[in-house]
Amino acid sequence: MSESKDFLRTIVEEDLKSGKYKEVVTRFPPEPNGFPHIGHAKSIVINFGIARDYHGCCYLRMDDTNPTTEDTKYVEALKDAVHWLGFDWDDTVYYTSDYFPKLYDYAVALIKMGNAYVDSLNEEEIREYRGTVTEPGKRSKYAQRSVEENLDLFERMKKGEFKDGEHVLRAKIDMSAANMQMRDPLLYRIRHAHHFRTGNTWAVYPMYDFAHCLSDYIEGITHSLCTLEFENNRDIYDWVLDTLELEPPRPYQYEFARLSMNYTVMSKRKLLELVEGKYVNGWDDPRLPTIAGYKRRGYTPESILNFCDQIGVAKANSTVDVAQLEFAIRDDLNTKVPRVMCVLDPLKVTIENYEGSEALDASYYPDDVPKEGSRKMPFSKEIYIDREDFNENPPKGYYRLTPEQPVRLKHAYIITCKEVIKDADGKITEIKAEYHPESKSGSDTSGIKVKSAIQWVDAAQAKKVEVRLYDRLYSSEAPEGMEDLNPNSLQVIKNALVEPAVITEKPDERFQFEREGYFYADPVDYTDEKPVFNKIVGLKDSWSKKKRSSEPAPKPKAKKVQVDGEVVPMNEAEQALFDKYTGELGLNSEVANTLARDTQLSSLYEESLSVFNSPVLLANIVANEVARELKEKQLNELKFNAKQIAQLVKMVDDETISNKIAKQVFEQMAKTGEDPTQIVKTKGLVQISDPAIISPIIDEIIAKNPDNVAKFKAGNTKLLGFFVGQVLKTTGGKANPKVVNELVAEKLK
RNA sequence: UGGGGUAUCGCCAAGCGGUAAGGCAACGGUUUUUGGUACCGUUAUUCGGGGGUUCGAAUCCCUCUACCCCAUCCA
């Protein structure tokens, strides 16, 4: 785990510490209407991960409130995904549909309280009545129905007496709410549909907003974690739970940013399109970001888990670079899997001076991987190397075999090219070479220096295999539609050659094909007769990068132009106030502006000014500190008054306390309403300005931080803040910062 | 045009008034029988812009800008 915890963990920790909850309970609540993808993995890791870290528990709950889109095949896929990622849920899967009876009762309770009604507007009318984001909506006339009538209607809805869409149950909240979600949200709709779990027992189904919060409550969830697009729904979440006056404790909802990655689509709709349109081969196509896809491609659960840890959790919409995921799988596989040799594009090499055959010892792991294991590699006169590893006219910096440059066959001998055989088209069909008998791997006495060691297979004993080379599904970084598909996302190589041990010994399912990448025996199509390997990810390739980077020019970076909008002009009264403040009272225009535009601030300011006449100091504290309090509260909700502000400022004015302390005192005053003089007295916050007291403290700090002293003297003047900060810290903020500054600067000279 | 969010390096992301963490990517170098790995080093005088408060601001205040979400009987 990373050292710094994310904001969700911070909240959970605080809630546990404060005793708000005894134990943390989370849930992963997918709707079973699609295959889980790596975005779900992020959510799984967050929910199950937090439960694990804080010794709580996490439930897997299918949010199955919409019978028309959901299916049991998706619940299986979801269960698989969670299991595969290594999380357990005591083998009990929860379903929102299990709570349908309870949910129904809660709805009845709401009706009885007069907080819900049966509406009989049709769909279109409901939309119209809802208004728009800028215009308020209006309430349906049916909202006036009596409790009895609502109860009766709702029961008959449940019994199936009405057709789909005839009535709905709505919460009675506020049709003019600025939050559109609060304009009498729908709670239940009639659906004569077969539900994959409850069959035909229900004719009404709860909506997300009603079912989710209550399911959380029923299960005893403490922290209901969801993605950003539900921020607007939090108000209903709270409304339902609060209005029902449920016995505490109740859950609270927190939102985090969903995962998006470049070169990838994550929406259920787009994924479905790819599958149904046969752009890919099913939900487990290795090019898909589905869990099933990654699993089939050969990704390990650990790599996905690590990836999720590395990207963090926050509230900013962001797009993670797929390179980050690719790093995670490479990093995981590097220390785990055996290295073997596979030639993807075979080029025959005949070693003219070699006769017979031998079996060479070859370790499965390089020296830097602490694992044991080896196999025998057959070697004889005819071998294959990769076409890429020979070049008749090599570019500068080419390390492999050329007519002039020998190369080592990894785990075997050094060979030198003697002749290049070509067909009529000029295509190289074979290399005639000679090997150096004394250059055998492990006992090389030849003294020949080679630039690299390449992979090879013995022609007689190599096994033919199919290799599926996967690349990014999209060639566009932010894919929109099918036009952005990468036409080369799948390349099938039917005649790759792999060394025999891979097939006969099967040391693993995943391999590094040396110098190529990581590969996985396809769990579906692999047979002993026809082995199939999927490319999981390539190795980092600084050679091809070097070749490429010599060509294209760097992209031009256009800096965004910052447009400044127009400031709303002041009205007459505000302008008059502003003029008075800047003129008569000598405030700076920014502070005057803040005060003049806010009647609450200006009234408080003037009132305190009448108590203590220090216009600038007072203005500063009102425009800065008081303004903050007034952001959340109304004037009459404040625990302090103008007189107390004046009192505080007076202490600053006569230098009883420093500005820093004043802020601290202000905060307490705002919280408790205590008199500032009282706070200063009881806490002993009077400013220390006597150099005789401050000086030894500075000496001590200087003695304790010789490194920083050296850095400071070397020119890092930012460190002045460090030293001042340390002194203030040790004096509890009471040291006079001006004095400290002077003293520190002096001593460090 | 209302409400709710978000802005810190090419991509993620810490930071909560006192020296701008870390990872990925990139670029150098060392080691290497993988152009891999590992290891070392370089990359933000600056936190969306502008003001203000403060001895000191990414952090507090004001203001502007950009992007995301909300008007499904979806979740």
Side-chain angles (χ1 to χ4, degrees), chain A residues 2-4 31 33 63 65-66 69 123 126-127 130-137 164-165 168 177-181 183 186 188-191 207-209 212 228-235 255 257 262 310-312 314-321 323-324 327 330 334-335 339 366-369 397 399 408 410-411 441-442 444 450-455 512 514-516 539-544 546 560 562-567 588-591 593-594 597 620-621 623-625 627-628 658-660 663 708 711 716 718-726 728-729 737-738 740-742:
Chain A
S2 45
E3 314 128 38
S4 50
E31 184 191 12
N33 71 343
D63 206 1
T65 57
N66 186 355
T69 57
E123 209 172 326
I126 286 179
R127 216 186 337 268
R130 189 146 37 215
T132 70
V133 288
T134 48
E135 301 153 29
D164 284 11
V168 291
N179 180 355
M180 294 290 293
Q181 308 280 4
R183 320 251 256 228
L186 273 61
Y188 268 90
R189 77 286 214 183
I190 300 170
R191 258 310 112 91
M207 302 292 290
Y208 166 86
D209 284 312
H212 202 95
L228 251 30
E229 65 270 28
F230 291 101
E231 270 173 333
N232 297 314
N233 300 247
R234 192 174 54 223
D235 282 350
E255 310 86 13
N262 54 9
Q310 284 160 9
I311 57 171
K315 292 196 76 162
N317 278 315
S318 56
T319 303
V320 175
D321 193 337
Q324 186 97 24
F327 167 82
R330 274 194 211 107
N334 175 44
T335 55
R339 270 61 169 176
D367 291 336
D368 50 20
V369 172
Y399 290 173
R408 172 173 294 282
K410 177 135 189 173
H411 299 308
S441 187
D444 184 357
V450 292
K451 291 248 173 68
S452 71
I454 62 171
Q455 74 273 28
Q512 185 193 109
E514 292 224 31
R515 304 209 303 134
E516 290 290 350
L539 258 25
K540 262 174 83 169
D541 184 359
S542 44
W543 167 238
S544 68
K546 201 181 269 176
K560 264 192 225 148
Q562 182 77 31
V563 185
D564 269 357
E566 220 149 277
V567 179
N588 78 42
S589 60
E590 196 61 35
V591 172
N593 185 53
T594 304
R597 283 171 183 273
N620 283 344
I621 206 154
N624 286 289
E625 308 303 312
R628 180 174 57 247
S658 64
N659 256 300
K660 190 188 181 81
K663 295 197 180 198
N708 282 337
K711 275 196 224 165
N716 189 348
K718 276 187 294 188
L719 256 3
L720 187 64
F722 165 77
F723 288 108
V724 175
Q726 289 296 307
L728 263 80
K729 202 172 162 190
K738 282 181 195 158
V740 174
N741 253 296
E742 280 165 25

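Nucleic acid contact for A/T319: sugar-phosphate only, since backbone atoms but no base atoms lie under 4.0 Å from a heavy atom of the residue. Nucleic acid contact class of A/F722 (heavy atoms, under 4.0 Å, all strands): base. Using a 4.0 Å heavy-atom distance criterion, A/L539 is classed as a base contact. Using a 4.0 Å heavy-atom criterion, one finds that A/N708 contacts the bases of the nucleic acid, with or without backbone contacts as well. Note on A/R597: nothing from the nucleic acid sits closer than 4.0 angstrom, heavy atoms only. Contacts of A/G397 with the nucleic acid, taken as non-hydrogen atoms under 4.0 Å apart, include base atoms. A/K315 comes within 4.0 angstrom of sugar-phosphate atoms only, judged by non-hydrogen atoms across all strands, and of no base. A/R515 comes within contact range of at least one nucleobase, with a heavy-atom separation under 4.0 Å.
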Once base and sugar-phosphate atoms are separated, protein heavy atoms under 4.0 Å mark nucleotides 69-75 of chain B, 5' to 3', with B, S and - as BBBSBSB
Quick tally for nucleotides 49-59 of chain B: nucleotides whose base has a protein heavy atom under 4.0 Å get B, sugar-phosphate-only ones S, the rest -, giving S-BBSSBBB--
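In this structure, A/S318 reaches the B/A13 phosphate: one of its side-chain N or O atoms is under 4.0 Å from OP1 or OP2. Between A/S4 and the phosphate of B/A13, there is no side-chain N or O to OP1/OP2 separation shorter than 4.0 Å.
Judged by atom type and distance alone, A/Q512 does not reach the base of B/G36 through any side-chain donor-acceptor pair under 3.5 Å. Residue A/R408 places a side-chain atom within donor-acceptor reach of the base of B/U33, judged by atom type and a 3.5 Å distance cut-off alone.
The structure places NZ of A/K410 at 12.0 Å from CD1 of A/I454, a figure rounded to the nearest 0.5 Å.
Between A/R628 atom CZ and B/C16 atom C1' the separation is 12 Å, expressed in whole Å.
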